Amino acid sequence: MRAQSSATAPTRIAVPAPARTFGTVQAALGVAAFSLTFPATAWGLEGFGPWSLVAVRSVLAALLAGGCLLALRIPLPARAHWPGLAVVAAGVVVGFPLLTTLALRTSTTAHAAVVVGLLPLTTALLSALRVGTRPSRTFWAAALAGAAAVVAFTVQQSGGALTTADLFLFAALLVCAAGYTEGGRLARTMPGWQVIAWALVLCLPLSVPAAALALSHEPVHLGAHSVAGLLWVAAGSQFLGLVVWYRGMAAIGIPKASQLQLAQPLLTLVWSVLLLGEHLTVAAPLTAAAVLVCIAVTQRARG
């Protein structure tokens with residue numbers, strides 16, 4: 001079967017230059033969508049409790065995904081795909097949204113961006129273990145340098161203090177990297193949008209009762225910010241962003257796609273200024289320049 005051969009043989013397939021370019025664009029669009037997740041979550045928390053926000057966003061995203069699957073009459077995935085889809089669901093649909101939402105109750109978006117700065121390196125490491133990729137030394141050097149720059153910047157923004165929210169953030173880092181890695185692997189054998197769509201639908205038996213229970217215990221105060229934040233994290237971050245992200249990873253590879261996320265913390269900080277009124281230091285443009293150099297090197301390095 002296709003799924004079995006791709007899972008056991010990490011054979012590199014040559015991808016035409018236009019396809020690589022389009023894949024890079026799609027992965028970059030995913031990063032742009034993800035960069036709004038933390039500010040949108042902060043907006044959502046203005047009107048929803050953390051458990052309600054996570055459960056309702058999952059239900060809404062699953063309804064959107066399920067509607068697309070039904071409209072296009074997509075058959076059920078092969079049995080061999082379901083364990084991987086369960087990993088994607090646990091990491092990307094449930095784990096990362098829940099853990100980061102809990103962290104953002106007491107953490108600023110700038111501090112939470114630390115986890116995003118470490119995510120590309122963690123994803124590349126898990127990819128090397130799970131998928132069998134072997135990036136070059138130049139790739140690793142640039143990735144480590146970029147991650148170090150992002151971490152230094154975001155920690156400096158938060159004053160270097162560690163909080164209890166960091167436990168949630170570091171756990172979110174690990175589960176999200178696992179979900180990205182497994183989703184990127186599955187996207188080699190099935191369309192990327194179907195990967196996240198089936199993962200969302202897989203969570204419905206849990207997310208629907210969880211949403212009903214959470215809404216009955218947590219107060220809800222609907223407002224422009226809370227509704228906009230909920231809609232974005234459900235449709236933009238949870239579904240559409242992951243659709244283009246997984247398509248991009250399938251086209252250019254998990255390690256290179258993950259390095260585009262080095263720009264995500266800086267984009268998040270820009271949105272936090274524009275949408276949340278947070279303040280940045282003069283270190284922002286210097287860090288942005290360093291990150292862009294690292295991204296350029298990783299995109300040119302041969303794995």
Side-chain angles (χ1 to χ4, degrees), residues 1-4 6-7 22-23 25-27 29-30 32-34 36-37 40-41 44 48 51-98 101 175-176 178-216 220 222 227-251 257:
M1 293 177 61
R2 290 173 60 192
Q4 291 175 336
S6 63
F22 188 51
V25 171
Q26 290 183 100
L29 287 174
F34 300 154
L36 278 163
T37 300
T41 300
F48 295 90
W51 296 92
S52 298
L53 181 61
V54 172
V56 172
R57 72 180 272 186
S58 180
V59 171
L60 293 179
L63 292 176
L64 177 60
C68 292
L69 292 170
L70 287 175
L72 297 175
R73 298 182 179 181
I74 303 299
L76 288 172
R79 182 179 299 179
H81 293 326
W82 285 107
L85 290 172
V87 174
V88 175
V92 177
V93 178
V94 178
F96 187 79
L98 177 59
T101 299
V175 298
C176 188
Y180 280 173
T181 299
E182 199 65 19
R185 185 187 68 82
L186 288 172
R188 295 178 175 180
T189 58
M190 60 189 298
W193 77 271
Q194 292 182 27
V195 173
I196 186 57
W198 285 117
L200 286 163
V201 171
L202 184 63
C203 289
L204 267 177
L206 294 176
S207 59
V208 170
L213 182 62
L215 288 172
S216 66
V220 175
L222 296 181
V227 172
L230 172 63
L231 292 178
W232 179 259
V233 294
S237 302
Q238 194 86 65
F239 183 60
L240 298 177
L242 285 167
V243 167
V244 293
W245 173 244
Y246 281 136
R247 286 176 61 91
M249 280 200 295

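Residue numbers run from 1 in the order of the sequence given. For clarity, every value in this text was computed on a predicted model and none was experimentally measured. Reckoned from all heavy atoms, side chains included, excluding hydrogens, waters and symmetry mates.
Of all non-hydrogen atoms in V88 and A199, the two that sit nearest each other are CG1-CB, 3.8 Å. Of all the heavy atoms in V59 and A211, the pair that sits closest is CG2-CB, 4.1 Å. In terms of heavy-atom proximity, P77 sits nearest to L85 at CG-CD1, 3.8 Å. Shortest non-hydrogen contact noted between G192 and A187 is CA-CB, 4.2 Å. Pairing each heavy atom of Y246 with each of G179, the nearest pair is OH-O, 3.2 Å. Contact between G30 and W245 at its shortest, heavy atoms only, is CA-CB, 4.4 Å.
Screening M190, R247, M249 against V195 for a side-chain contact (heavy atoms from CB on, under 4.5 Å) leaves a single residue, M190.
Between V244 and V25 there is no side-chain heavy-atom pair separated by less than 4.5 Å. No side-chain heavy atom of L242 sits less than 4.5 Å from a side-chain heavy atom of W193.
H81 NE2 to W198 CH2: the interatomic distance, rounded to the nearest 0.5 Å, is 12.0 Å. W51 contributes atom CH2, which lies 10.0 Å from atom CG of L213 (distance to the nearest 0.5 angstrom). Note that CG of L200 and CG of L64 are 8.5 Å apart. Values are rounded to the nearest 0.5 Å. Note that the CG atom of L29 and the CZ atom of F34 stand 10.5 Å from one another [nearest 0.5 Å].
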Please list every donor-acceptor pair under 3.5 Å in which a side-chain atom of residues 229-238 meets a protein atom from a residue at least two apart or in another chain.
residue, atom, partner, partner atom, Å
W232, NE1, A33, O, 3.4
W232, NE1, S237, OG, 3.3
S237, OG, T37, OG1, 2.7
Q238, OE1, R57, NE, 2.9
Q238, OE1, R57, NH2, 3.3
Q238, NE2, V92, O, 3.3

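Under a 3.5 Å cut-off, the side chain of S207 and the backbone N or O of C203 do form a donor-acceptor pair.
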